[in-house]
Amino acid sequence: MDWLKFFRAEKSTTAKTAKDRLMLAVAYQRSGQANGPAYLPKLREELLGVVRKYIQVPDEAVQFSVQREGGLEVLELNITLPDS
Amino acid sequence: MTNYFKDKHLDQLHILAASQTRDKDALSQEGVERVLNELSQDFDYIVCDSPAGIERGAFLAMYFADEALVVTNPEVSSVRDSDRVLGILSSKARLAERGESKVKEHLVLTRYNPARVAKGEMLSLEDVKEILAIPLLGVVPESSTVLTSSNSGVPVIREEGSDAGLAYQDLVARFLGDEVPHRFITEQKKGLFSKLFGAT
């Protein structure tokens with residue numbers, strides 16, 4: 001019911017939405033700048049090729065990211081397998 | 001080099017137009033460097049107005065900068081672009097490349113409307129400062145004078161009594177080292193008189 005929203009303590013405003021969207025965009029942007037070894041796109045493509053030898057997966061099923069934690073660099077590869 | 005011309009009102013201000021080509025690809029790094037070196041023999045400050053967006057002209061203006069005024073308005077796309085600019089300044093500018101020091105960054109927030117911020121319709125100064133995390137130089141309030149003075153080709157800083165003009169004057173003074181308190185960042189309650197007569 002819409003009128004219930006009126007009584008909620010924390011009103012969600014468009015400024016709040018803007019900030020959330022911005023934080024997300026900026027985080028994405030910064031991670032791209034900081035973790036962009038030049039070989040990354042090629043590595044992703046070749047890995048995808050290897051996976052596809054065995055399983056048919058669409059492009060977007062492969063999530064690829066490099067994260068830095070402490071002094072460690074972690075290459076994270078997530079492949080969502082299709083429903084069989 | 002004498003191809004710059006003098007401002008009508010300020011005899012110490014000179015203006016040099018950039019290449020009026022469709023894009024700024026005609027600019028080379030060496031050429032821009034040579035022009036800046038020549039200018040720096042005659043002038044104390046060289047202000048490069050960089051195009052909106054991040055293309056070659058903007059990059060070259062950034063590359064040779066000692067200080068940068070990052071001008072943003074409280075919109076998602078504008079703040080996001082400013083964050084990109086800050087990324088470039090801290091990694092690709094000449095000072096950063098040489099590892100000597102870094103470009104000194106200043107935040108300028110324009111088109112700010114405290115009344116809309118209070119209503120939750122606009123990103124607040126605090127939001128923008130938190131995201132960009134650079135020192136604030138000045139806030140310029142949203143003002144109808146900006147468009148009208150631009151229409152008539154008069155810099156808004158020359159419009160006596162305009163909030164935006166005053167904000168720019170404060171900003172310049174601050175840049176030159178004066179301690180000037182920030183104004184126009186909180187909602188100004190209109191009195192009955194100005195409500196009735198619609199003063200801005």
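In terms of heavy-atom proximity, B:Arg80 sits nearest to A:Ala25 at CD-CB, 3.8 Å. For B:Asp83 against A:Gln29, the heavy-atom pair with the smallest separation is OD2-NE2, 3.3 Å. The two residues A:Thr14 and B:Glu121 make their nearest non-hydrogen contact at OG1-CA, 3.6 Å.
Other residues, nucleotides and ligands place more than 12 heavy atoms under 6.0 Å from the CD atom of B:Glu67. Under a cut-off of 6.0 angstrom, the local environment of CD in B:Glu97 is crowded, with over 12 non-hydrogen atoms contributed by other residues, nucleotides or ligands. The neighbour count for B:Asp49 CG, taken as heavy atoms of other residues, nucleotides or ligands under 6.0 Å away, does not exceed 12. More than 12 heavy-atom neighbours from other residues, nucleotides or ligands sit within 6.0 angstrom of CZ on A:Arg52. Summarising the local packing, CZ of B:Arg183 is surrounded by more than 12 heavy atoms from other residues, nucleotides or ligands at distances under 6.0 Å.
Evaluated for a side chain to side chain contact (heavy atoms under 4.5 Å, CB included) with A:Lys19, the options B:Val128, B:Val76, B:Ile131 yield exactly one hit, B:Ile131.
Residues B:Glu130 and A:Met23 meet the side-chain proximity criterion, which asks for heavy atoms closer than 4.5 Å.
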